[in-house]
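This is a predicted model, so every value here is computed, not measured.
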Amino acid sequence: MAESQGTEAATRVADVLLLFTDGPDFLGVTAIARSLDLSKAVVHRILQTLVERRLLVSDPASRGYQLGPAAAALGARALRESQLRTVAMPVLRELQLATGETTTVSARVHSGRVYLDQVESTREIKMTVEVGRRYPLHAGSSSTCILAFLPDAEREAVLAAELPPLTSRTVTDHDLLRARLAEIRETGVAGSEGERQEGAGSVAAPVFGIDGAVVGAISVCGPAHRVDAAARERFGPLVQEAADRISRALGWSGGLPK
């Protein structure tokens, strides 16, 4: 009984922290309680503990909370020690030189994915991404190529839920998204034009770990007028080859899992 209660408490603390990875910079007690279906009293106790540990800090002006220095230290340590990021960065630099556009690496996380790092384009007008913020799996090239290669049960759990639009181009029809994912599994590459961010174009390929499980994705992204359908067609094989190199460095035998 005590073990079960301890697990539930730990889950609640983790869920509160995870809200800060993809929501507003500041969150209040009411918003957190509503999002997690918890009482305000429970949320207040969790927040006080996190503040004491400097994982969160309170802001008297907004009566909200934001991530604190201890959370920043954890995030920095995680980035430094991420094997996926370490292996991917040299390959992304080569890919950026070959395409002229920004290249990124994302990792799969609970209920989404996060950008681990990027190599920015040297062009004056370019696309950059927000490292560390959690994004859903139904919108954008990096997200959908991860979603496409998840185990069936996990993929269907995402497809069974609501698919909120991030832009006017986000695919929110479950059948259309399911068909698109089948195509991505067949080709090993995903493209996007303004699905996650208005005015952006991208092409991505999945990265696999030693057991063939999808662990993340890499992408080439830029302004939609440059990374258009023709550019995505050109960049696709380059991104696939780069993703395969990273997967092999992580221990995968190469190619798409059967």
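Of all non-hydrogen atoms in E198 and T167, the two that sit nearest each other are OE2-CB, 3.4 Å. The two residues E130 and Y115 have their closest heavy-atom pair at O-CD1, 3.7 Å. For the pair L38 and R12, the tightest heavy-atom approach, listed with the atom from each and the gap, is CD2-NE, 3.6 Å. D228 and A231 get closest at one heavy-atom pair: OD1-N, 2.9 Å. Summarising the geometry of G209 relative to V215, their closest heavy-atom pair is N-CG1, 3.8 Å, with the distance given to 0.1 Å. Between E101 and C221 the shortest heavy-atom distance is CB-O, 3.5 Å.
Using modelled atom types, one side-chain atom of R248 and one backbone atom of S253 make a donor-acceptor pair closer than 3.5 Å. Side-chain atoms of R134 come within 3.5 Å of backbone atoms of H110 as a donor-acceptor pair (strictly under, hydrogens ignored). Under a 3.5 Å cut-off, the side chain of R226 and the backbone N or O of I125 do form a donor-acceptor pair. Judged by distance alone, the side chain of Q96 and the main-chain N or O of V119 form no donor-acceptor pair under 3.5 Å. Looking at Q240, its side chain does come within 3.5 Å of a backbone N or O of T187 through a donor-acceptor pair.
Using a 4.5 Å heavy-atom cutoff, the side chains of L56 and L67 are in contact. Proximity of T49 to V13: side-chain heavy atoms (C-beta onward) are nowhere separated by under 4.5 Å. Using a 4.5 Å heavy-atom threshold, the side chains of Q83 and L250 count as touching. The closest side-chain heavy-atom distance from S141 to V203 is not below 4.5 Å. Within the 4.5 Å cutoff, the side chain of E195 has no heavy atoms near those of the L166 side chain. The shortest side-chain heavy-atom distance between V105 and V207 does not fall under the 4.5 Å cut-off. V29 places a side-chain heavy atom less than 4.5 Å from the side chain of Y65. Contact annotation: the side chain of S143 never approaches that of H138 to less than 4.5 Å [non-hydrogen atoms, C-beta and beyond].
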Given side chain to side chain contact (heavy atoms under 4.5 Å, CB included), test V43 with L36 step by step and report yes or no.
-> CA-CA 9 Å; V43 170; L36 299 178; 5.8 Å; no
For the pair L47 and I32, evaluate side chain to side chain contact (heavy atoms under 4.5 Å, CB included) and give the outcome as yes or no after the intermediate values.
-> CA-CA 10 Å; L47 292 173; I32 295 171; 3.9 Å; yes
With side chain to side chain contact (heavy atoms under 4.5 Å, CB included) as the test, would you mind laying out the steps for L92 and D117 before giving the verdict?
-> CA-CA 10 Å; L92 291 186; D117 213 335; 5.7 Å; no
Derivation of the side chain to side chain contact (heavy atoms under 4.5 Å, CB included) call for T104 and V131 = CA-CA 9 Å; T104 77; V131 174; over 6 Å; no
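For E154, the CD atom counts as densely surrounded, since its 6.0 Å shell holds more than 12 non-hydrogen atoms of other residues, nucleotides or ligands. More than 12 heavy atoms of other residues, nucleotides or ligands lie within 6.0 Å of CZ in R123, so this atom counts as buried by the packing criterion. For H225, the NE2 atom is densely surrounded, since the number of other residues' heavy atoms within 6.0 Å is greater than 12. Residue I210 qualifies as open at atom CD1: its count of foreign heavy atoms under 6.0 Å is 12 or below.
With sequence neighbours left out, the ring pair (Phe, Tyr, Trp, His ring centres under 6.0 Å) criterion links F149 to F208. The side chain to side chain contact (heavy atoms under 4.5 Å, CB included) search around E241 returns R245, not counting sequence neighbours.
Identified under the side-chain hydrogen bond (donor to acceptor under 3.5 Å, both in side chains) test for residues 155-166, with sequence neighbours left out: D152-R155, E156-R178.
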